[in-house]
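Comments concern the structure below.
The figures here come from the full heavy-atom set of this structure, side chains too, leaving out hydrogens, waters and symmetry mates. Note on naming: letters A, B, ... go to the chains in the order of the sequence lines (proteins, then strands), and numbering restarts at 1 for each one.
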Number of protein chains: 2
Amino acid sequence: MTKALIAKLSQFARLSSEDRDAIVGLETVHCKTARAHTPLISEGDKPIHVRLVLSGWACRHKDLANGRRQIVAFFLPGDFCDLNVYLLRSMDHTISAVTDVKYLQLSAGMLGKLTEERPRVAQALMWSELVSASIQREWLVSLGQRTAMERVGHLIVELYTRLKSVGLAADCRMAFPVTQSELAEVTGVTPVHLNRTLQELRRQKLIELESRQLTILDLDRLRDLAMFELGYLHLDREGRHLDAND
Amino acid sequence: MTKALIAKLSQFARLSSEDRDAIVGLETVHCKTARAHTPLISEGDKPIHVRLVLSGWACRHKDLANGRRQIVAFFLPGDFCDLNVYLLRSMDHTISAVTDVKYLQLSAGMLGKLTEERPRVAQALMWSELVSASIQREWLVSLGQRTAMERVGHLIVELYTRLKSVGLAADCRMAFPVTQSELAEVTGVTPVHLNRTLQELRRQKLIELESRQLTILDLDRLRDLAMFELGYLHLDREGRHLDAND
DNA sequence: CGTCATATTGATCGCGATCAAACTTTGTGG
DNA sequence: CCACAAAGTTTGATCGCGATCAATATGACG
């Protein structure tokens, strides 16, 4: 169940078998479930646990007074929802399930123990937080500077890359369980315009999307169109000098 | 010089005199200077040091292939530029001085020592990182859901609040050393449209802005207009249970 | 006092919003 | 397994915010 997390962290540095065991050890916690479109934790709640997504997609979103909503992050299997949130008194946003989601609710103490005993894992977790922050920045660039087509294209390439890095996508194919309304809430356009944007991507033979399954037909062209630069995901085993030897 | 940082962290929990001394102790490092509009560190560089802004404003920005640029964060006095970046192999963005800037370049080791010896400071630093992340999210909401007027209004209220929290603003007045082009790069609009937006804010008697000095004429109306909700800055001494007693 | 960055104004264009309706898929209870 | 509701997708017509292009101030500064 924690396979995705191990795969993800291994993008940073090779883990020892003890490291991996320590991560698998987190599964002693009772695994929780949330149905699609229900909140895991809501704005205003006191954050106590750290969440680790095991399967399914979740998202982080903020809701405005005028009823509009912005999705500010996706959580895929292997992603933590904020490693240190428990320091805050109340959530400034909501985390909701996109699909049915399985996740672990870990206590600060449990995570503290893991990071104390396994410094390499601690480093890898810090790296994954840095990557999350980098993704947030790239999303800011999308919303500030890219057109609707570019935003959608960029998001698709990013999600494909992230899913591939945890073994959940290959050959330009991936599950894509997001509704068009949700995609609109990520990319900051209206659902109507998002629909037209998807149609244009299909018309240009860049993607295929049906029954929640997405195929990238021409990854290179899509990357170029979206001005996608891989670097911000920091997937190049940047902590390799910390590799375990066993 | 580290007064701003101490003021900022005190928004989270009351520091002991030892805590404060430990922070002041960082100043043994030679203080560096950058001229306005020059980079402190550029995309592609290997991040080695952690930077702490002492005076002046800096910003984080990403530059696209098509020549456009998005400013994704402002660093005000007391702000760190990424506590843990040194883990990454190369910067995915650039940090530039907005005004002339004084800053400290701290080594990972030096910061590690501080956080080991002063757990309350460590917590406070973690809190400040969480706040930075929260600000990033709020900026995503701005770019995705707010109009140009709302974006500019929101940014002004945020900067005023942040400056006030480190003792650099009061009575709705603040230094505002940002050019209109830079403001445009933050808010994701063109300089021309930004200019018209500022004029509209002035016309509605919401702000006054001349010779790099900004006055908020009607904070309540500006807040309402921008749908500004204070909570995301987490300034309410959320770590008060960790307060020092001396 | 000329040069260069910054700010302002005017005219026109177009991407994406809005409004409205139909169509399709999914799911649920009888 | 069908009926019907609810959610999600698609299409069409029109509107408007902010982009673009172009020119003109207004400083700041050597």
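The ring of A:H61 has its center no closer than 6.0 angstrom to the ring center of A:F75. Taking the six-membered ring for Trp and the full ring otherwise, the centers of A:F74 and A:W57 sit less than 6.0 Å from each other.
Atom C1' of nucleotide C:dT26 and atom CD of A:E210 are separated by 16 Å, given to the nearest angstrom. Going from atom CD of B:Q199 over to atom P of D:dT26 covers 13 Å, rounded to whole Å. Taking atom NE2 of residue A:H193 and atom P of nucleotide C:dC19, one finds them 17 Å apart after rounding to whole Å. If you take CZ of B:R68 and P of D:dG18, they are 14 Å apart, rounded to a whole angstrom. Distance, A:L194 CG to D:dT10 P: 10 Å, rounded to whole Å. Regarding A:E200, its CD atom lies at a distance of 15 Å from the C1' atom of D:dT10, rounded to whole Å. To the nearest angstrom, C1' of C:dT6 lies 13 Å from CD of B:E185. In this structure, CG of B:L209 is placed 15 Å from P of C:dT6, rounded to the nearest angstrom.
Note on A:R202: only backbone sugar-phosphate atoms sit closer than 4.0 angstrom, heavy atoms only; bases stay farther off. Among the heavy atoms of the strands lying under 4.0 Å from A:T190 is at least one base atom, whether or not backbone atoms are also near. Within the nucleic acid shown, A:R212 comes within 4.0 Å of sugar-phosphate atoms alone, with no base atom in reach, counting heavy atoms only. At a threshold of 4.0 angstrom between heavy atoms, the contacts of A:R35 with the nucleic acid are absent.
Using a 4.5 Å cut-off on side-chain heavy atoms (C-beta onward), A:L168 and A:P77 make contact.
Projected onto DNA chain C by closest heavy-atom contact, A:V189 and B:L198 fall at different nucleotides, the more 5' of which corresponds to B:L198. Between A:V192 and A:T147, the one whose closest nucleotide on DNA chain C sits nearer the 5' end is A:T147.
Within 6.0 Å of the NZ atom in A:K46, the count of heavy atoms belonging to other residues, nucleotides or ligands exceeds 12. Annotation: B:E43, atom CD; neighbour count of heavy atoms from other residues, nucleotides and ligands within 6.0 Å is above 12.
Considering only side-chain N and O atoms, A:N195 lies nowhere under 4.0 angstrom from the phosphate OP1 or OP2 of D:dT9.
A donor-acceptor contact under 3.5 Å is formed by the side chain of A:R196 with the base of D:dG12.
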